[in-house]
Amino acid sequence: MTIDLQLYNTADRKVSVFKPLTPGKVGIYLCGATVQAPPHIGHIRSGVNFDILRRWLSASGYDVTFIRNVTDIDDKILHKAVHEEIPWWAVAMKYERAFSDAYAALNVLPPTYEPRATGHISQMIELMQLLIERGHAYAPGNGDVYLDVRSLKSYLTLSNQKLDDLQPAEDADLTHKRDPRDFALWKAAKPGDPSWPTPWGPGRPGWHLECSAMAHAYLGEAFDIHGGGLDLIFPHHENEIAQSESAGWGFANIWMHNAWVTTSGEKMSKSLGNSLQVHEILKKVRGIELRWYLGSAHYRSMLEFSFEALEEASVNFRRIEAFLKRAAGLIGGEVGIEIAPEFANAMNDDLAVPQGLAFISEAMKLGNNAITANDKNEIAKPAAYIRGALSILGCDPFDAAYSGGSTTDKDVLDGLVELAIEQRNAARARKDFAASDLIRDSLTKIGITIEDTPNGTRWNI
RNA sequence: GGUCGGAUGGCCGAGAGGCGAGGCUCAGGACUGCAAAUCCUGCUACACGGGUUCAAAUCCCGUUCCGACCUCCA
């Protein structure tokens, strides 16, 4: 028997049984990237964590609609455009591609829909009109449109703050705002800025409006799960709630937030330079290994990054991968994909991946013992359980998403290595260990490891 | 000032009143031409001070330290 899926909800800070709004279906909105710089591993952790959630929901039988937006217009993009001397839309496209590449390298499934902010201006205008009609927003005449936070019946419910306790923004411009905490839904166009026409004058979206508009467009007035990084709780998600609820929409039922990747105990900041960009890390480890590392911590726990820990995780993963490949060889066919009840219970407990990993270790012992005993019947089950768990974590080594290289190259390589191994085994058979070790050392030098087992010699790159 | 987290063995990292999570490292052993891989055994920890309880890493009170958010943030 497995327990029901329970998830932590930031809104009430409790873990509760998940009840979809529509039986059998789940709608998820994840705040994706503001495409103004290449992704670092903190950004991609968010993608991985929510991809695991999505895979688990799908595996649990839900029909999942997963929306991850691209915010392709904002202050930083405009600044970058000036700095890089290219159009703002070229900046957005460049970094959107960088994010897409990173997601693909880590086998983060493409979202059901991936809406861009600039493609939903008309929905934003409609939302602003609605908010003005309902008395929760105002256009002071300078081209801006603000949300009137004092008009809300509730505000700051996610972060549990009081409006009057907030430190007032130092640069709050009160010439147009009714309250310094009112936030811009829409920003009047400045000379040189991109702009779209509206009833209040030409301008561009404020930061929060796009998510309310797009979540509504693709998931309706109410949906199940809204996700993002911890730092989006305030102000971004508070303001999304303010916009959506004052429009009369139910909005998100559950709020989920992933924790950060930290360095030296601190949140990763963009000033760290390039070394923690996904692109750079992928020069050291494979995508599947980086994913294993990022996914192995609980999504609500800070993950303290170090290259040592990354390397340890990679080694650990390769051990599991090696087991599965050996198992596949012994079974003489494909390893099955099966979800063990123990793993299901761990995942159902607010995605307790670390407990799931402990289960994988247990299954590995059983499987390795079966391999040692050459008991083919006993190998299949633990191997299938492990592969099942890995498939949820997005780290199935047999997943086509990870297979690179052409088949011709692979065949040639296989043939060459097999040839060397045959030579070495011939040397061993005549007890010429000097010759056999020379072959092994030569292979090691070019990055091919050799292991002798009772069932023959195995090799790995 | 307000709000929210965290501190667990040499290291990483779960757990949230009662049977040693798990991994890595290290030591010993089995296997082995050697190596590797694998398995077995060993290493009994919860920031500090009180309290509640038959029983506290876990609950309560207090303290110290670390971090995050308060309108750029995954």
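Convention: sequence-line order gives letters A, B, ...; per-chain numbering from 1.
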Problem - Whole-Å P distance, B/rU44 and B/rG10 - result: 10 Å
Practice task
Select base, sugar-phosphate, or nothing to describe what A/Val315 touches, counting heavy atoms under 4.0 Å on all strands.
Solution key: nothing
Handout entry: Aromatic-base stack, A/Trp260 on B/rA74, cutoff 5.5 Å, angle under 30
Key = no
Exercise for the section: Ignoring hydrogens and angles, answer whether the base of B/rG2 and the side-chain atoms of A/Gln161 contain a donor-acceptor pair closer than 3.5 Å. Expected result: yes
Problem - Contact check, side chains of A/Asn9 and A/Met256, non-hydrogen atoms, under 4.5 Å - result: no
Problem - Euclidean distance, atom CG of residue A/Leu330 to atom C1' of B/rU38 [Å, nearest integer] - result: 13 Å
Problem - Side-chain N or O of A/Asn258 closer than 4.0 Å to phosphate OP1/OP2 of B/rA74 - result: no
Exercise for the section: Please work out if A/Lys431 contacts a base, only the sugar-phosphate, or nothing of the nucleic acid, heavy-atom cut-off 4.0 Å. Expected result: nothing
Exercise for the section: Classify the side chain of A/Asp437 versus the base of B/rG33 as yes if they form a donor-acceptor pair under 3.5 Å and no if they do not. Expected result: yes
Exercise for the section: Provide, to the nearest angstrom, the distance between the CG atom belonging to A/Leu232 and the P atom belonging to B/rC70. Expected result: 11 Å
Practice task
Would you mind reading off the distance between A/Arg424 atom CZ and B/rA35 atom P, rounded to a whole angstrom?
Solution key: 13 Å
Exercise for the section: Report yes if the side chains of A/Ile288 and A/Asn107 come closer than 4.5 Å at any heavy-atom pair, otherwise no. Expected result: no
Practice task
For B/rG22 and B/rU41, measure between their P atoms and round to the nearest Å.
Solution key: 11 Å
Problem - Heavy-atom donor-acceptor pair, A/Asp165 side-chain to B/rC70 base, under 3.5 Å - result: no
Fill in the blank from the handout: To the nearest angstrom, the CD1-C1' distance between A/Ile41 and B/rA74 comes to 12 Å
Handout entry: Atom P, compared across B/rC19 and B/rC59: separation rounded to whole Å
Key = 16 Å
Handout entry: Distance-only donor-acceptor test (3.5 Å): side chain A/Arg13, base B/rC4
Key = no
Problem - Under-4.0 Å side-chain N/O to phosphate OP1/OP2 contact, A/Lys267 with B/rC69 - result: yes
Exercise for the section: Report yes if a donor N or O on one partner sits less than 3.5 Å from an acceptor N or O on the other, where the partners are the side chain of A/Arg428 and the base of B/rG33; otherwise report no. Expected result: yes
Handout entry: A/His176 side chain reached by A/Asn142 side chain, heavy atoms, under 4.5 Å
Key = yes
Exercise for the section: Return yes if a side-chain donor-acceptor contact under 3.5 Å exists between A/Ser212 and A/Ser244, otherwise no. Expected result: yes
Practice task
Using a heavy-atom cut-off of under 4.0 Å over every strand shown, decide if A/Arg440 touches base, sugar-phosphate, or nothing.
Solution key: base
Problem - Gap between atoms CD and P, on A/Glu238 and B/rA68 respectively (whole Å) - result: 20 Å
Exercise for the section: Verify whether the ring centers belonging to A/His236 and A/Phe183 lie closer than 6.0 Å. Expected result: no
